[in-house]
Amino acid sequence: MVDDKQITHELTLDKKQLTRRESVDDVWGKPKKKAFPSPQKAQAAYDKLVEELAAKGFLDPLAPPEAPKVARDPKLEAAIREEREIPEG
């Protein structure tokens, strides 16, 4: 059986309160709110949750895309540089 469900997480940080909502196939659940004693502790919890979701494979839609990996061949690059050299004279 293939699990084709699309899961989305929405995190909102407002001073000392962290709100989390989850949707499965565009059906949103109720928001879960958690209050913290300080904005710093709320930020730490937010950062930890983002890290946990990223480890599970969730992507931040606002993050810039990663640059594509480019395969390099130093021998080929040296040969191209040699060939490009213009002879004196």
Side-chain angles (χ1 to χ4, degrees):
M1 184 167 126
V2 177
D3 188 6
D4 291 340
K5 293 181 180 179
Q6 180 180 356
I7 300 173
T8 305
H9 293 270
E10 177 184 83
L11 306 176
T12 307
L13 183 60
D14 184 25
K15 297 179 185 171
K16 298 191 288 184
Q17 182 171 292
L18 175 61
T19 304
R20 177 181 182 174
R21 286 195 328 153
E22 183 178 293
S23 87
V24 178
D25 292 333
D26 293 325
V27 177
W28 287 94
K30 290 184 180 182
K32 297 175 186 174
K33 297 180 180 185
K34 184 170 182 180
F36 292 87
S38 71
Q40 294 81 10
K41 291 197 182 235
Q43 181 69 53
Y46 175 87
D47 293 341
K48 182 180 177 187
L49 188 52
V50 168
E51 192 174 299
E52 288 173 3
L53 291 171
K56 291 179 181 178
F58 289 96
L59 303 175
D60 181 354
L62 303 177
E66 288 186 23
K69 305 267 189 265
V70 177
R72 303 221 29 192
D73 184 344
K75 289 180 183 178
L76 176 60
E77 290 175 13
I80 291 170
R81 276 193 296 277
E82 267 185 40
E83 201 166 298
R84 282 187 179 171
E85 289 181 10
I86 300 171
E88 292 181 26

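When a residue number appears, it is its place in the shown sequence, counting from 1.
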Would you be so kind as to tabulate the donor-acceptor pairs closer than 3.5 Å made by side chains of residues 11-28, with sequence neighbours excluded?
| residue | atom | partner | partner atom | Å |
| --- | --- | --- | --- | --- |
| R21 | NE | E10 | OE1 | 3.0 |
| D25 | OD1 | Q6 | N | 2.8 |

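Interatomic distance, K56 NZ to H9 NE2, rounded to the nearest 0.5 Å: 7.0 Å.
Contacts of E51 classified as salt bridge (charged side-chain N to carboxylate O under 4.0 Å, His left out), with partners at least two apart in sequence or in another chain: none. A search for salt bridge (charged side-chain N to carboxylate O under 4.0 Å, His left out) contacts involving R81 returns nothing, not counting sequence neighbours.
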